[in-house]
Amino acid sequence: MDYGLIGEKLGHSLSKPIHESLADYTYDIHPLTREEFKTFMEEKAFRAINVTIPYKKDVIPYLDSMDDHAKAIGAVNTIVNTDGKLRGYNTDFSGFEYMVVRHHVDLEQKKVVVLGNGGAAQAIKAVVKKHHAKEMIIVDIVDDGESISYEECFEKHTDADVIINTSPIGMYPNVDASPVDLTRFPNCKAVMDVVYNPLPTKLVAQAKELGMIGVNGLEMLVAQAKYAVEIFLDTKIDEDRIQEIYEKMK
């Protein structure tokens, strides 16, 4: 495989048509079990890959170096193989920030609730910090020392201004699921969901019904792919291509 995507469950992925719209190469979708992942990373039989759930942190021990974004975030979604040396990058940061800026979601001095704390959350948290949120609350089903429970969130943090879902809740095929009921957050002005299948998710659909800004993850997916292709091929691609491909994929 020259270029492609690794992850655990990739049947819903739109990365292949996005990458092949951006660049003149074949982009393979390569699902891996935990055991297959270990072998794949040890063999290094690729030129450049993207990484998705659940391996964005697991790839780090296999890397020879990381760029500053990936180091700061502690998660990698883009890897380039140069003569057997693997360098990791994180384009999720730029992809999510593109979405924030495009939809005029104001994070400065706002209370932000981030749902989920896995590999997908790490870049989002870094963007929230960069944009000077007043307070960031991490909510997860796993007690990792950083997160609070959903129960505690509902008890203490329903005054959130912005809610960002980085968990897989609501992703196809579980399209009727939603991580929270937004009627419990009367101050919320904007909801962003990194999930892009379905479009919209139940969470984003409810946000729009309640008059909030509601943004799905498809633009982030296209944007981070654009930034990944630039790293893969050491080139620059016009920013306008993001919306062009987003509209086509939508």
Is there side-chain contact between Pro17 and Glu20, with at least one heavy-atom pair below 4.5 Å? no

Between Lys248 and Ser21, a side-chain donor and acceptor under 3.5 Å: yes

Less than 4.0 angstrom from a charged side-chain N to a carboxylate O is my criterion; do Glu108 and Lys130 meet it? no

Linking I/L/V/M/F/W/Y whenever their side-chain heavy atoms sit closer than 4.5 Å, directly or via other members, would Ile73 and Ile79 fall into one cluster? no

Which pairs count as side-chain hydrogen bond (donor to acceptor under 3.5 Å, both in side chains) when at least one residue sits in residues 210-226, sequence neighbours excluded? Asn77-Gln224, Thr91-Gln224, Arg102-Glu219, His103-Glu219, Glu219-Gln243, Lys226-Glu230, Lys226-Glu239

Less than 4.0 angstrom from a charged side-chain N to a carboxylate O is my criterion; do Lys56 and Asp92 meet it? yes

Between Asp161 (side chain only) and Lys111 (backbone N and O only), is there a donor and an acceptor less than 3.5 Å apart? yes

Side-chain heavy-atom pair Phe185, His157 within 4.5 angstrom cut-off: no

Say whether, by atom type as modelled, one donor and one acceptor occur between the side chain of Lys110 and the main chain of Ala133 under 3.5 angstrom. no

For a side chain to side chain contact (heavy atoms under 4.5 Å, CB included) with Leu22, tell me which candidate from Ile245, Ile242, Leu233 qualifies. Ile245

Looking only at side-chain N and O atoms, does Thr158 offer a donor or acceptor that is under 3.5 Å from a partner on Arg184? no

Side-chain contact test, heavy atoms from C-beta onward, threshold under 4.5 Å: evaluate it for Lys189 versus Met212 and give yes or no. no

Indicate yes or no: at least one non-hydrogen side-chain atom of Asn50 is less than 4.5 angstrom from one of Thr52. no

Compare every heavy atom of Cys188 with every heavy atom of Val191, then report the nearest pair and how far apart it is. CG2-SG, 3.8 Å

Are the side chain of Thr166 and the backbone N or O of Leu115 linked by a donor-acceptor pair below 3.5 Å? yes

Using the salt bridge (Lys or Arg N to Asp or Glu O under 4.0 Å) rule, collect all pairs that involve residues 57-67, keeping only residues at least two apart or in two chains. Arg34-Asp58

Tell me the ring pair (Phe, Tyr, Trp, His ring centres under 6.0 Å) pairs involving residues 223-246, sequence neighbours left out? Tyr3-Phe232, His19-Phe232

Judged by modelled atom types alone, do Asn117 and Asp140 share a side-chain donor-acceptor pair under 3.5 Å? no

Are Val194 and Ile124 packed together at the side-chain level, in the sense that at least one heavy-atom pair is separated by less than 4.5 angstrom? yes

List the residues meeting side-chain contact (heavy atoms from CB on, under 4.5 Å) with Ile53, not counting sequence neighbours, and say none if there are none. none

Apply salt bridge (Lys or Arg N to Asp or Glu O under 4.0 Å) to residues Glu151 and Lys156 and explain how you reach the verdict. CA-CA 9 Å; Glu151 290 75 16; Lys156 300 178 180 177; over 6 Å; no

Under a single-linkage definition using a 4.5 Å side-chain heavy-atom cutoff for Ile, Leu, Val, Met, Phe, Trp and Tyr, are Ile237 and Met99 assigned to the same hydrophobic cluster? no

Taking Ile29 as the starting point, is it possible to reach Val222 by hopping between hydrophobic residues whose side chains are less than 4.5 Å apart? yes

Does the distance from a Lys or Arg side-chain N to an Asp or Glu carboxylate O, for Lys202 and Asp176, drop under 4.0 Å? no

Can you find a pair of side-chain heavy atoms, one from Asn90 and one from Thr78, that are under 4.5 Å apart? no

Any side-chain donor near an acceptor of the partner, Glu36 and Thr33, under 3.5 Å: yes

Considering only heavy atoms from C-beta outward, does the side chain of Val112 approach that of Lys134 to under 4.5 Å? no

Give a yes-or-no answer on whether the side chains of Gln206 and Asp181 include a donor-acceptor pair shorter than 3.5 Å. yes

Which value, rounded to the nearest 0.5 Å, describes the distance between Leu218 atom CG and Leu14 atom CG? 6.5 Å

Do the side chain of Asp28 and the main chain of Leu5 share a donor and acceptor less than 3.5 angstrom apart? no

Contact check, side chains of Val80 and Tyr89, non-hydrogen atoms, under 4.5 Å: yes

Summary of ring pair (Phe, Tyr, Trp, His ring centres under 6.0 Å) pairs that have at least one residue in residues 43-77, sequence neighbours excluded: Phe37-Tyr55, Phe37-Tyr62, Phe40-Phe46, His69-Phe93

Atom NZ of residue position Lys85 - does it have more than 12 heavy atoms of other residues, nucleotides or ligands inside 6.0 Å? no

Are Val51 and Val195 joined in one hydrophobic group, where the rule is that I, L, V, M, F, W and Y side chains link up if heavy atoms are under 4.5 Å apart? no

Can you list every pair that meets ring pair (Phe, Tyr, Trp, His ring centres under 6.0 Å) and has a residue in residues 107-150, with sequence neighbours left out? none

Pair Glu247 + Lys250, salt bridge at N-O below 4.0 Å: yes

Would Val113 and Ile213 show up in the same hydrophobic cluster when neighbours are defined by side-chain heavy atoms closer than 4.5 Å? no

